[in-house]
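Everything on this sheet refers to the single structure shown next.
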Amino acid sequence: MPALPPIANLQAFEAVARRRSFAVAAAELHLTASAISHQISRLESMLDVRLFERSAHGVRLSPAGEHYLLRVGAALSAITAASDDLRQGMRNSLYVHSAPTIASLWLMPRLRGFAQAYPDIALNLSAAHTPSDFALGQSDIDIRYGVPQWGDLVVEPLFEESIVPLASPAFIKEHKLRRVEQLLEVPLIQSNVSVVQWPEWFTRFGPRHKGGQRADRPTLRFALRFDRAMMSLDAAVQGMGVALESSTIAGEHIAAGRLRPVFEPRMSLEVKAHFVVYPARHGSRPEVVSFLEWLREEASARPARARRKA
């Protein structure tokens, strides 16, 4: 097995990368700037790559350093969290990573129920658009969004979602939205990472010619573009346009009356886009088993809950 870099070198690298300064990193680690510089030099020599680009204006990560930081920073965080748990006497820790939107809008409102059902499990939740790296021990379970192409991992769809045009009640009333063709006259909100895009929705439900044939794909006017569904939904709540998003993820907004589907339920695209992902070896851990059972129950209860609110 190749030799691992000394942990002190990795800590120095992470601190300099985060602080963008040898002096500030040295103060944080209670070392001299010279000692930090030597540690970085040893790490670069060991890896045979330049991690930083130094100039009169300061220090910044090289392209190789940027890539290295993504993985090393997460690994150091995992080590720190695991060590803290042991120091505090926590043996039943569970590390869950999630895509940001579902973590914020679907998972967080339900986590109190998990904590009440399993008070002995110390849950650590992190959220980022990049998947968790199981090889680095960053998490036990990952809730991912997208097309499932994740190798030898266990992949379970969380639920089926309805993708529908959503807008604030005030926006719908102001623009008197009743017909699909009216969407061509109002601002549309683009969610860049969505598995379903506006052109796909218009291909299915767009205006038809008199003969019943689907009209040519229309020219769409996007008022705003976002790389997070939660921001698209927030923009729609603020009356900035119509968002094409999951009615499941937008459930809290819909229940509170902040958003409303523009058209009837039949004008939706059904997809499975959120998945629970984990290595098979994790599936035997009691904490993972408990969380998966709870998660499946919450996901399966969603349709019944939606009907009660309707």
Side-chain angles (χ1 to χ4, degrees), residues 101-102 104-106 109-110 145-147 157-226 228-274 298-310:
T101 294
I102 191 172
S104 177
L105 298 182
W106 189 84
R110 292 165 169 79
Y145 177 80
V147 179
L158 191 54
F159 39 53
E160 188 172 70
E161 303 170 69
S162 297
I163 308 300
V164 297
L166 296 165
S168 70
F171 187 93
I172 294 172
K173 181 178 180 180
E174 177 188 352
H175 295 277
K176 299 180 175 62
L177 295 180
R178 297 185 183 88
R179 303 182 310 279
V180 171
E181 52 267 31
Q182 290 177 287
L183 293 182
L184 305 178
E185 302 168 2
V186 300
L188 301 179
I189 297 169
Q190 171 83 336
S191 186
N192 293 333
V193 298
S194 176
V195 298
V196 177
Q197 297 290 319
W198 275 110
E200 184 179 350
W201 188 89
F202 271 100
T203 296
R204 177 79 175 274
F205 300 109
R208 295 178 180 271
H209 292 305
K210 288 184 178 178
Q213 252 187 345
R214 188 70 62 195
D216 295 336
R217 179 174 289 184
T219 300
L220 305 179
R221 180 163 63 97
F222 297 121
L224 296 164
R225 298 174 186 265
F226 298 101
R228 296 288 182 278
M230 68 177 75
M231 292 192 289
S232 296
L233 291 169
D234 283 343
V237 167
Q238 295 173 34
M240 303 173 73
V242 181
L244 184 66
E245 294 292 351
S246 163
S247 60
T248 300
I249 302 304
E252 294 292 319
H253 288 310
I254 295 172
R258 294 186 291 268
L259 288 177
R260 204 176 80 196
V262 178
F263 305 112
E264 60 267 32
R266 69 177 181 84
M267 298 180 70
S268 65
L269 293 176
E270 306 302 315
V271 300
K272 292 180 180 178
H274 285 95
E298 286 296 313
S300 64
R302 177 188 58 86
R305 184 180 294 128
R307 284 196 295 270
R308 287 196 296 271
K309 288 181 178 179

Restricting to non-hydrogen atoms, name the atom on [X] and the atom on [Y] that form the minimum distance, rounded to 0.1 Å.
| X | Y | answer |
| --- | --- | --- |
| Val195 | Ala273 | CG2-CB, 3.8 Å |
| Ala243 | Ala236 | CB-CB, 4.0 Å |
| Trp106 | Arg110 | O-NH1, 2.8 Å |
| Ser268 | Val164 | CB-CG1, 3.2 Å |
| Ile189 | Met240 | CD1-C, 4.3 Å |
| Ser246 | Leu166 | O-CD1, 4.3 Å |

Flag the pair [X] / [Y] as yes when at least one side-chain heavy-atom distance between them is below 4.5 Å, and no otherwise.
| X | Y | result |
| --- | --- | --- |
| Met267 | Val180 | yes |
| Val186 | Phe171 | yes |
| Phe202 | Leu188 | yes |

For the [atom1] atom of [X] and the [atom2] atom of [Y], what is their distance to the nearest 0.5 Å?
| X | Y | atom1 | atom2 | result |
| --- | --- | --- | --- | --- |
| Leu269 | Gln197 | CG | CD | 11.5 Å |
| Ile249 | Ser232 | CD1 | OG | 12.5 Å |
| Ser104 | Arg228 | OG | CZ | 12.0 Å |
| His175 | Leu183 | NE2 | CG | 11.0 Å |

Would you check if the side chain of [X] reaches a backbone N or O of [Y] as a donor-acceptor pair within less than 3.5 Å?
| X | Y | value |
| --- | --- | --- |
| Gln182 | Lys176 | yes |
| Thr101 | Met230 | yes |
| Glu181 | Gly206 | no |

Determine the interplanar angle of the Trp201 and Trp198 rings, folded into 0 to 90°, and report it as parallel if under 30°, tilted if 30 to 60°, perpendicular if over 60°. perpendicular
Checking Phe159 against Thr248 for the side chain to side chain contact (heavy atoms under 4.5 Å, CB included) test, could you report, in this order, the C-alpha distance in whole Å, the side-chain angles of both residues, the deciding distance, and whether it holds? CA-CA 9 Å; Phe159 39 53; Thr248 300; 3.7 Å; yes
In residues 253-265, what donor-acceptor pairs under 3.5 Å come from side-chain atoms, sequence neighbours left out?
{"from": "His253", "atom 1": "ND1", "to": "Arg258", "atom 2": "NE", "distance (Å)": "2.9"}
{"from": "His253", "atom 1": "ND1", "to": "Arg258", "atom 2": "NH2", "distance (Å)": "3.3"}
{"from": "Arg258", "atom 1": "NH2", "to": "Glu252", "atom 2": "O", "distance (Å)": "3.4"}
{"from": "Glu264", "atom 1": "OE2", "to": "Arg266", "atom 2": "NE", "distance (Å)": "3.1"}
{"from": "Glu264", "atom 1": "OE2", "to": "Arg266", "atom 2": "NH2", "distance (Å)": "3.0"}

Without hydrogens or angle criteria, can the side chains of His274 and Glu161 be said to hold a donor-acceptor pair below 3.5 Å? yes
